[in-house]
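Encoded as structure tokens, the structure appears first; notes follow it.
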Amino acid sequence: AGVAAGRLAADLVASFAIIMAFALDQSFAGLVIVVMQTGGEALERIAEGRASRALRDLEAAAPHWAHRIRDDVVTDLTVDTIVVGDTLLVRPGEMIPCDATVTAGQSHVDASTMTGEPVPISAGPGVPLMGGALNLEGPLTLRATAPAAESQYHRIVELVRSAQASKAPLQRLADRYAVWFTPLTLAVCALTYLVTQDPIRVLAVLVVATPCPLILATPIAIVAGINQMARRHVVIRRGSALEQMGHATIVVFDKTGTLTLGKPQVSRVIPAPGWDGDTVLRIAAAVEQGSGHLLARTLVEAASRAELKPPLAVDVVESPGAGVTGRVDGHTIRVGALSFVIAAHPGSQAEFARLSGANAGLRAFVTIDGHAAAVIEYADRARVGMPRFIDRLRQSGIRRVLLLSGDAQANVDGIADAVGIDEAHGDLLPEDKVATVEALMRNGERVVMVGDGTNDAPALSAATVGVALASGGSGITAEAADAVILGDDPSRLAEAIDISRRTMRIARQSIWGGLVLSGIAMGFAMFGMIPPAVGAILQEAVDVAVIVNALRAARSM
């Protein structure tokens, strides 16, 4: 309604001016108004097209064709005909047509379009890939796990499209300016006629007073800012978030998967007397190599990072949910939960109790030939660069940074200390997070909540601006959020806040610039210093000036 009223106000003034121009035998001025009015609308379309380039680029870059393997025959098909379970061939240099899992082949895949991560993914059997990623090297055979229309890439495109269709409150504010600017203009026209009795001056006032700059410039700045964020891999799902993010005073973070990696890492190996930690880690990784358990993969990755090449394990037997047993270099190795290892070797329990101490947490126990060899501890780690990111938030004007988590308070305090957050609260249920966020907002704070899990969705919805991480977040989380950070880098929030503040500053400049310039021109026209034809050209010059200013929001910072 605000948009319609604002545009109606502008059209009313312009139409009235055109009618008066031809009625007063000022046909040249009338023609100039008609041409410049339509020219301004054309300029708006051109400017909006420039601001929407990010969406067009996303759509143009989307995969359109795929190669399906059926009965050992490869056929080409459009991506919209792919069904779950199809076997697909992706050659080097081609895009992954849909979300899929590798069944054969080995290559590296560039997924930076979705994740922003420049390091290629090593793709082999069992590795899930997102539609829209680029296959760099060898051919891959994939099994489709979702239709192309439900792929991560398609969701990104739809998020950008819905963001551009939304409308920020500041834009409605500009429309309201246009609504009251019309009666003000008519009042000035009436005053001009009462004082001068000159209809030509009244026409000149009408010509220079149309509120087109408000209607043209503000939406262009908003769309440009949204697309600028999209290029930084931050999708604004609701236009109001762009304005509110720029006014943020407090940022609240979830812990697991947001400030931390979201999966356990080997934090340390505590060896029993007579054993070396690296040796135990190497041997344990040998029997864990064939396991699909998360902690097993984490242990193998830790050995790889330490450049410990595991030897060949034989007679490997996995007990799901408990542990794994195998033989390495003639020794019997058992790795798993405490109950699993002591069931076979009860005598190791006392030594494991001594190694573990009173500490609680996630751990694996290792026995070699029936004797306690080591306790392997796991912990979630803070993401790299988080202290620098938190400092940048404070430098950008964020007064307080909080950490809210359902994890134990001791773990929450440890991560808070590691990243430089002073206020941390653990042992929280989802409703506790909501209560905390709402209490902050009742005190007049503008709260940005950042999370990645389904349990964060209520707090994201309650916050002034909810921001979800797309990489680890669920669909529920993304739907609850006002903005989505694509990939796995929460530090992009700092860029988003900077872009938001710059965009809204430019939008306000356009609003007040248009008002001031139109007001000055009205004053000159009232005193007969601007004839109608010149006023029409001058008014369109004001349009051009504020639109060009609004387009600055599309430039990189």
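Just the heavy atoms: all of them, side chains too, but no hydrogens, waters or symmetry mates, feed the values below.
For the residue pair Q395 / D391, no side-chain donor-acceptor distance below 3.5 Å is found, with atom types taken as modelled. A donor and an acceptor atom, one from each side chain of H67 and R91, are located under 3.5 Å apart. Residues T464 and Q244 have side chains that never bring a donor and an acceptor to within less than 3.5 angstrom of each other.
The shortest side-chain heavy-atom distance between L89 and L140 does not fall under the 4.5 Å cut-off. Contact check for W65 versus V79: no side-chain heavy atoms found under the 4.5 Å cut-off.
Between R297 and E288, none of the side-chain N atoms (NZ, or NE/NH1/NH2) sits under 4.0 Å from a carboxylate O, so this pair counts as no salt bridge. Note on R392 versus D498: salt bridge recorded, some NZ/NE/NH1/NH2 to OD/OE distance being below 4.0 Å.
Summarising the geometry of C98 relative to L88, their closest heavy-atom pair is SG-CD1, 3.9 Å, with the distance given to 0.1 Å.
At distances below 3.5 Å, at least one donor-acceptor pair connects side-chain atoms of R381 with backbone N or O atoms of V266. In this structure, R383 contributes its side chain and T260 its backbone to a donor-acceptor pair below 3.5 Å. Checked by atom type and distance alone, the side chain of D417 never pairs as donor or acceptor with a backbone atom of G414 at under 3.5 Å. Between the side chain of D99 and the backbone N or O of G131 there is at least one donor-acceptor pair closer than 3.5 Å.
By the salt bridge (charged side-chain N to carboxylate O under 4.0 Å, His left out) test, K433 pairs with D254, D456, sequence neighbours left out.
No more than 12 heavy atoms of other residues, nucleotides or ligands sit less than 6.0 Å from atom CD of E307.
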